[in-house]
There are 2 protein chains.
Amino acid sequence: MLTSSENEETFLATYNKREFDAPLMTVDPVLFTYHEGLLKVLLVKRSNYPDKGLWGLPGGFIDQDNDQTLEQTALRKLKEKTGVSPPYLEQLYTVGNAKRDKRSWSITICYTALIAHQICEAQISTVIDAKWIMLDDVSNMTLAFDHSHIINTARERLKQKALYSIVPAYALPETFTLPELQHLHEALLGKSIQKKSFRRRIDQAELLIDTGERRSMGSGRPAVLYRMKKDSGKYTFVRNLEN
Amino acid sequence: MLTSSENEETFLATYNKREFDAPLMTVDPVLFTYHEGLLKVLLVKRSNYPDKGLWGLPGGFIDQDNDQTLEQTALRKLKEKTGVSPPYLEQLYTVGNAKRDKRSWSITICYTALIAHQICEAQISTVIDAKWIMLDDVSNMTLAFDHSHIINTARERLKQKALYSIVPAYALPETFTLPELQHLHEALLGKSIQKKSFRRRIDQAELLIDTGERRSMGSGRPAVLYRMKKDSGKYTFVRNLEN
DNA sequence: CATTAAATATGTCTTTAGGACACTATTGTG
DNA sequence: CACAATAGTGTCCTAAAGACATATTTAATG
């Protein structure tokens, strides 16, 4: 196909013949948050064929008239459900094959997104078709399409990031304490971290700003509240080799 | 769209109306090799509208009748040009926006691929529309679409991999020497590496098999030929933190 | 055949940074 | 005021990379 078209008119004539079997094209963001010591992911209940009634990712089709980029599609779909745009959005990977959707060949571009629970709590609690689901419960649910697999991949990638960056901090409120961040990392890694090592690495990388304020969690010494240096665009706190 | 379709028939009726403006969908592999101390990338001369006559990536449209997955599309396109399937193929990222192709909204799923130069030298030299281009020359060329940017991204990702893995070794023949591998890594990183550190890390990770053979490059002590442990599926040679 | 040049390979000391864990600091509570 | 609970630090140990000198093995040369 398209072997002999040499100008736009010829191309369009040829291409339109192909469109009858153009693949399904969607964008699927995996939005994580961290609240009350638990990792959660945003799911929505499907109202259409196929897999109607099942829970799945808050994705959808690209709106070619209004979305200029794939990221805009991801943000638009998230805003529909949460009311806001997440501060962190990064492309995860793209799945495309003939089997994942019973309708036809199907492609979805997946994103990992992070947001503070408090920012969208109000909006989400008003709609009945969107919910935060504990990540540990997701493995026991039957989700639409291959969304379980996509969520696992996103979680695995976020786990890797927890080893060398403070990207997970975007799942926390704007200000947060180091113990909070450490617990989030421990939840992602599935094991405890040496407090001293964790703090040392973050200190040396100069990724956080001391707000001067403190927060007390009941009894015990209050923890210092930090804020991310967002201007730097730098998240990693382990050295590069061979520098 | 698709808000009220509840079964396959309704869906198809609705979906077919959308197809007139379905986005363009392509797969674009960036195939690297390393030969005579130089990094090279495979480019093909476009024979069709748009950007006819410009060089670009050896990509193309998904063949829904024959490709079962996106990887199969990538491999098929590479095989058309090189005659073989590369031993390393990994998804890079997906670009999708309204501007990258003058025809319409366009999406391309990009892959990084690596292959030994000798394996496809014969086939490539027979066709006039495919060529190995030195990576350093690519920045001075005007390529089709946003292919320059895609190649830069692929190179940057491969550079990162050179810091902690021996994935670049797939750009070498099946057996290779450690000095060869080091020079390849140095070409990717753009600076010299401490020989001892490099060898120590690779030794400890046990990623290579000593073939027992040696290869002499003119004068000087011959270097031991190694082969990758392919069964292990393990490429990284730096420790994980918090293990 | 001895010497040298060139390349591969290793020995070893230094430096850096994370692991372990004891210790100090600051709060609320009975 | 003692004590529990949580936050944060001091310090020694260990692992691994950096730096660089040294040894090894080959081809080339006179």
Side-chain angles (χ1 to χ4, degrees), chain A residues 36-37 160 162-166 169 172 175-187 189-227 236-243, chain B residues 36-37 160 162-166 169 172 175-187 189-227 236-243:
Chain A
E36 294 175 340
Q160 291 306 313
L163 287 171
Y164 61 85
S165 86
I166 57 166
L172 297 175
T175 63
F176 53 87
T177 68
L178 285 185
E180 275 175 350
L181 182 58
Q182 179 174 340
H183 293 145
L184 165 53
H185 278 237
E186 287 173 340
L189 299 175
K191 64 183 166 195
S192 60
I193 299 176
Q194 287 288 335
K195 178 171 51 171
K196 187 60 195 268
S197 302
F198 186 69
R199 302 177 75 103
R200 222 173 0 204
R201 286 186 285 161
I202 291 181
D203 280 0
Q204 284 179 9
E206 298 183 349
L207 298 168
L208 299 181
I209 300 166
D210 185 333
T211 63
E213 297 174 26
R214 273 140 228 289
R215 177 195 300 160
S216 170
M217 300 293 287
S219 81
R221 177 175 172 174
V224 173
L225 281 165
Y226 290 91
R227 173 192 319 282
T236 63
F237 59 82
V238 296
R239 68 171 170 154
N240 277 338
L241 297 174
E242 311 280 2
N243 271 349
Chain B
E36 293 174 343
Q160 290 307 311
L163 287 172
Y164 62 83
S165 85
I166 57 166
L172 298 176
T175 64
F176 54 87
T177 68
L178 285 185
E180 275 175 350
L181 182 59
Q182 180 173 342
H183 292 147
L184 165 53
H185 278 237
E186 287 173 340
L189 298 175
K191 65 183 166 195
S192 60
I193 299 175
Q194 286 288 335
K195 179 172 50 174
K196 188 60 195 266
S197 301
F198 186 70
R199 302 177 74 104
R200 221 173 1 203
R201 285 186 284 162
I202 291 181
D203 279 0
Q204 284 179 9
E206 297 183 352
L207 298 168
L208 300 181
I209 300 166
D210 185 334
T211 64
E213 296 174 27
R214 272 137 230 286
R215 177 195 300 160
S216 171
M217 300 294 287
S219 79
R221 175 174 173 173
V224 173
L225 282 165
Y226 291 90
R227 174 193 319 282
T236 63
F237 59 81
V238 296
R239 67 172 171 152
N240 277 338
L241 296 175
E242 311 280 2
N243 271 349

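Within every chain, numbering begins at 1; the chains are lettered A, B, ... in the order of the sequence lines, protein sequences first and strands thereafter.
Taking only distance into account, the side chain of A:Lys196 never meets the base of C:dA20 through a donor-acceptor pair shorter than 3.5 Å. At a cut-off of 3.5 angstrom, the base of D:dG18 holds at least one donor-acceptor pair with the side chain of B:Arg200.
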Pick out the pairs of N or O atoms, protein on one side and nucleotides 26-30 of chain D on the other, that lie under 3.5 Å.
residue, atom, partner, partner atom, Å
D:dT26, O2, B:Gly220, N, 3.1

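Here A:Arg201 contributes atom CZ and A:Gln194 contributes atom CD; the two are 10.5 Å apart, rounded to the nearest 0.5 Å. One finds the CD atom of A:Glu213 at 4.5 Å from the OG1 atom of A:Thr211 (value rounded to the nearest 0.5 Å). Taking CD of B:Glu206 as the start and CD of B:Gln204 as the end, the distance is 9.5 Å to the nearest 0.5 Å.
Across the protein-nucleic acid pair, B:Leu181 atom CG and C:dA7 atom P stand 18 Å apart, rounded to whole Å. In this structure, the CG atom of B:Leu178 is 17 Å from the P atom of C:dA7, given to the nearest Å. Separating the CG atom of B:Leu163 from the P atom of D:dA16 is a distance of 18 Å, rounded to the nearest angstrom. The interatomic distance linking A:Ile193 (CD1) with D:dG8 (P) rounds to 15 Å, in whole Å. When the P atom of C:dG18 is taken as reference, atom CD1 of A:Ile202 falls 11 Å away, rounded to whole Å. For the pair A:Lys195 NZ and C:dT24 C1', the interatomic distance rounds to 11 Å; values are reported in whole Å. In this structure, A:His183 places its NE2 atom 15 Å from P of D:dA5, rounding to the nearest Å. Computed from coordinates, the A:Gln194 CD to D:dG10 P distance equals 17 Å when rounded to whole Å.
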**Request:** Step by step, work out the side-chain contact (heavy atoms from CB on, under 4.5 Å) result for B:Gln182 and B:Leu178.
**Result:** CA-CA 6 Å; B:Gln182 180 173 342; B:Leu178 285 185; over 6 Å; no
**Asked** Going through the distances and angles, do A:Tyr226 and A:Leu172 end up as a side-chain contact (heavy atoms from CB on, under 4.5 Å)?
**Response** CA-CA 11 Å; A:Tyr226 290 91; A:Leu172 297 175; over 6 Å; no
**Item:** Residue pair B:Leu225, B:Thr177: steps toward the side-chain contact (heavy atoms from CB on, under 4.5 Å) verdict
**Value:** CA-CA 5 Å; B:Leu225 282 165; B:Thr177 68; 3.8 Å; yes
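With C:dG18, C:dT8, D:dT9 as the candidates, the nucleotide lying closest to the side chain of B:Pro179 is C:dT8.
Ring geometry for A:His185 versus A:Phe198: interplanar angle over 60°, hence perpendicular rather than tilted (30 to 60°).
Proximity of B:Arg199 to the phosphate of C:dA9: a side-chain N or O atom is located under 4.0 Å from OP1 or OP2.
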